[in-house]
Amino acid sequence: MAVNFLYPDYEVARNYDRCIACRACERQCANQVHEYLADANKMVCDDAKCVNCHRCVSLCPTRALKIVKSGNTYKENTNWSGKTINELYRQAESGGVLLSSMGNPENYPVYFDKILVNASQVTNPSIDPLREPMETRVFLGAKPQRVERDENGRIKNNLPPQLSLSMPVMFSAMSYGSISYNAHESLARAAEELGILYNTGEGGLHEDFYRYGGNTVVQVASGRFGVHPQYLNSGAAIEIKMGQGAKPGIGGHLPGAKIVGDISRTRMSPEGSDAISPAPHHDIYSIEDLRQLVYSLKEATDYKKPVIVKIAAVHNVAVIASGIARSGADIIAIDGFRGGTGAAPTRIRDHVGIPIELALAGVDKRLRDEGIRDNVSIIAGGSIRSSADIVKAVALGADCVYIASAALLALGCHLCRSCHAGKCNWGIATQIPELVKRLNPEIGYKRLVNLLTAWQHEIKEMMGGMGINSIESLRGNRLMLRGLGLNEKELEILGIKHAGE
Ligand code: SF4
Ligand code: SF4
Ligand code: SF4
């Protein structure tokens, strides 16, 4: 008899006093956990298939369901946790690399939670955002070092191309293929309504979404999927993806099973064959090579679009960013190690890279020290969870932030971290038509607009509390931050004082 080493992580607890055997849970679960036994007129389940996505819990009309952590435990061992043992068993069985999705869930410090924001008292009065104008608009792109005038004294317009955003937030790259058509439509419509941008990721741009071009960042990744002149010219900005916080140092992989129909056409990649982006760009081995690509893309778009270079937050990120700022790029996007992904090897996601807070502070300081801070704007990403994180990121030096997991949560994601399986019960990280239909873009885009409208109000309130009426004057203003429970080195890297100082 085969021995089953692996126990289910979760158990489906059904209250039979409440269950009316309506079978809604059976219909809603794409993992086929629930089953109706007609003979017994009873629902049963196979817990081992449950990924804890809460779809059935949310749709059970009698609130009969609960997903609980499995009661099965191994003998206590601080060194060998149950999770570690289970992962080892899984690999002993499969011989394969462990895969995960969404962001790093491990217990590393979250620096945003150890940073506190200032407020004005008595002197330097606070500003009431309900009565005074508060400016959250930001412009991303290189700024000239000095104002130049022509022979008549008029200011010369020598401003490189800029992105104008109503608030310092953009939706980060999520490719069509990793997320569904309806998720993309929700993001694109919300970006247009909010006056911000969303990002194609490396999957190309579906023909239906060219109409949102003014609110789109088109990405060029190492696989060059879906990249052609019309694509480059359709967006408001072009992003060269050099790295991603969830998987620094490795490429991307979209399984052939997801390369079907429109996705295959949009990516310009054959149906059913895996779309593998190599780890490096095969034409970039130096800042000079990067410069070649930056200028090729500018040339291809008539020097009208800002070019973003996106990198993962890694050990020498400040030096790398300094090189990028000299490459001709207009904007640097830094993605911290908690950033999400549709699929990544678990060991890479959980053990490679550094937190965005430290990376951002280090990059901002280095560029200021070198006198080139205004040559580029900085976008910070990698688990921005709330308006407070945005305010702290801006004060640490960001011009703007990228959000992705937060946006997916607004669309209904329950962070089950199973996107790589392609059976997202919430219609987000899936291409299965009957699942995609579960996300109504009409509702999805409104929820995104609501979320960011609420965050914009909160940002204004925090700015008012600090006595600041323009978000641009908060950029890099670390005097507005204090650390709590951080050591000297951490405070030094963040460039902030300890609370009480
Ligand atoms: S959805 Fe709720 S009531 Fe309906 S069968 Fe499932 S557990 Fe029972
Ligand atoms: S996978 Fe999701 S829908 Fe299926 S049983 Fe588990 S929580 Fe319910
Ligand atoms: S997008 Fe879907 S599959 Fe991915 S974590 Fe969220 S709910 Fe789970």
Side-chain angles (χ1 to χ4, degrees), residues 8-38 40-70 99-105 171-184 186-187 201 246 254-255 258 338-344 346 349 383 385 403-432 434-439 444 447-448:
D9 289 335
Y10 303 101
E11 285 168 20
V12 180
R14 192 185 317 268
N15 182 337
Y16 282 101
D17 290 339
R18 289 186 169 192
C19 177
I20 53 172
C22 70
R23 302 177 70 177
C25 50
E26 190 184 29
R27 288 189 296 276
Q28 290 296 327
C29 181
N31 296 314
Q32 291 159 332
V33 172
H34 304 274
E35 190 189 345
Y36 176 64
L37 297 183
N41 185 29
K42 189 178 175 187
M43 299 298 301
V44 291
C45 52
D46 180 355
D47 308 76
K49 295 178 185 163
C50 177
V51 297
N52 197 359
C53 76
H54 274 224
R55 178 80 185 178
C56 59
V57 176
S58 302
L59 280 119
C60 171
T62 60
R63 295 200 305 278
L65 289 171
K66 253 194 237 167
I67 310 296
V68 295
K69 221 170 158 35
S70 167
L99 276 184
S100 303
S101 29
M102 300 308 277
N104 182 345
F171 297 127
S172 187
M174 289 177 273
S175 72
Y176 175 45
S178 74
I179 59 170
S180 65
Y181 179 99
N182 286 359
H184 255 251
S186 304
L187 291 164
L254 192 68
K258 286 191 174 179
R338 284 184 198 279
T341 173
T346 310
R349 187 197 63 177
S383 202
R385 304 156 301 171
I403 64 164
S405 300
L408 297 191
L409 281 161
L411 293 178
C413 164
H414 277 57
L415 272 183
C416 70
R417 303 200 297 270
S418 304
C419 318
H420 54 287
K423 291 194 278 187
C424 175
N425 275 319
W426 294 92
I428 300 167
T430 181
Q431 305 307 327
I432 300 169
E434 49 276 23
L435 298 181
V436 173
K437 269 191 245 161
R438 292 181 182 179
L439 173 61
R447 289 180 60 83
L448 288 166

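As the structure lists them, so they are numbered: ligands from 1, and atoms in each ligand from 1. The structure presented is a predicted model; accordingly, all values stated were derived computationally and were not measured.
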(message) Under a 4.0 angstrom heavy-atom cut-off, which atoms of ligand 2 come close to Asn31?
(response) 1 (S)

(request) Would you indicate whether the side-chain heavy atoms of Asn425 and Asn31 approach each other to under 4.5 Å? (result) yes

(message) Can you tell me if Ser418 contacts ligand 3 (heavy atom of the residue under 4.0 Å from the ligand)?
(response) yes

(message) Out of all atoms in ligand 1, which are within 4.0 Å of some heavy atom of Leu65? Include the element for each.
(response) 7 (S)

(request) Heavy-atom contacts with Asn425 under 4.0 Å: which atoms of ligand 2 show up? List them by number with element. (result) 2 (Fe), 3 (S)

(request) Taking only heavy atoms of Met43 into account, list the atoms of ligand 1 that are under 4.0 Å away from them. (result) 5 (S)

(request) For atom 2 (Fe) of ligand 2, grab the closest protein heavy atom and report residue, atom and distance to one decimal in Å. (result) Cys53 SG, 2.5 Å

(request) Report the nearest protein non-hydrogen atom to atom 4 (Fe) of ligand 2: residue, atom name, distance rounded to 0.1 Å. (result) Cys29 SG, 2.4 Å

(request) Answer yes or no: is there a side-chain heavy-atom contact under 4.5 Å between Phe171 and Ile403? (result) yes

(request) Taking only heavy atoms of Val33 into account, list the atoms of ligand 2 that are under 4.0 Å away from them. (result) 4 (Fe), 5 (S)

(request) Answer with side chain, backbone, both or neither: which part of Ile20 has a heavy atom less than 4.0 angstrom from an atom of ligand 1? (result) both

(message) As an exercise, identify every atom of ligand 3 less than 4.0 angstrom from a heavy atom of Trp426.
(response) 7 (S)

(request) Please identify which atoms of ligand 2 are closer than 4.0 Å to at least one heavy atom of His34. (result) 5 (S), 8 (Fe)

(message) If you define the side chain from C-beta out and look only at heavy atoms, does anything of Lys423 sit under 4.5 Å from Val51?
(response) no

(request) Can you sort out which atoms of ligand 1 are near Thr62, meaning under 4.0 Å from one of its heavy atoms? (result) 3 (S)

(request) Provide the number and element of each atom of ligand 2 under 4.0 Å from a heavy atom of Cys56. (result) 3 (S), 5 (S), 7 (S), 8 (Fe)

(request) Any atoms of ligand 3 less than 4.0 Å from a non-hydrogen atom of Cys419? List them with their elements. (result) 1 (S), 3 (S), 4 (Fe), 5 (S)

(request) Just let me know how His414 lines up against ligand 3, side chain, backbone, both or neither, with a heavy-atom cut-off below 4.0 Å. (result) backbone

(request) Examine the side chains of His54 and Asn52 and answer whether a donor and an acceptor come within less than 3.5 Å of each other. (result) yes

(message) Using heavy-atom distances only, which candidate in Pro61, Ala24, Cys22, Cys19 approaches atom 8 (Fe) of ligand 1 most closely?
(response) Cys19

(message) If the cut-off is 4.0 Å to any non-hydrogen atom of Arg417, which atoms of ligand 3 fall inside it?
(response) 5 (S), 8 (Fe)

(message) I need the nearest protein heavy-atom contact for atom 7 (S) of ligand 1: residue, atom name and distance, please.
(response) Arg14 NH1, 3.4 Å

(message) Could you tell me if the side chain of His414 sits less than 4.5 Å from the side chain of Ser58, heavy atoms only?
(response) yes

(message) I need the atoms of ligand 1 closer than 4.0 Å to a non-hydrogen atom of Arg23, numbered in the order shown.
(response) 4 (Fe), 5 (S)

(request) Provide the number and element of each atom of ligand 3 under 4.0 Å from a heavy atom of Cys413. (result) 1 (S), 5 (S), 6 (Fe), 7 (S)

(message) Is Cys60 close enough to atom 6 (Fe) of ligand 1 that one of its N, O or S atoms comes in under 2.8 Å?
(response) no

(request) Identify the protein heavy atom lying closest to atom 6 (Fe) of ligand 1, giving its residue, its atom name and the separation to 0.1 Å. (result) Cys25 SG, 2.4 Å

(message) As an exercise, identify every atom of ligand 2 less than 4.0 angstrom from a heavy atom of His54.
(response) 2 (Fe), 7 (S)

(request) Confirm or rule out an N/O/S atom of Cys50, from backbone or side chain, lying less than 2.8 Å from atom 4 (Fe) of ligand 2. (result) no

(request) Heavy-atom contacts with Ile67 under 4.0 Å: which atoms of ligand 2 show up? List them by number with element. (result) 7 (S)

(message) Closer than 4.0 Å to some heavy atom of Met102 - which atoms of ligand 3 meet that?
(response) 5 (S)

(request) May I ask you to test the Arg438-Gln28 pair for a side-chain heavy-atom distance under 4.5 Å? (result) yes

(request) Using 2.8 Å as a strict upper limit, say whether an N, O or S atom of Cys416 approaches atom 8 (Fe) of ligand 3 that closely. (result) yes

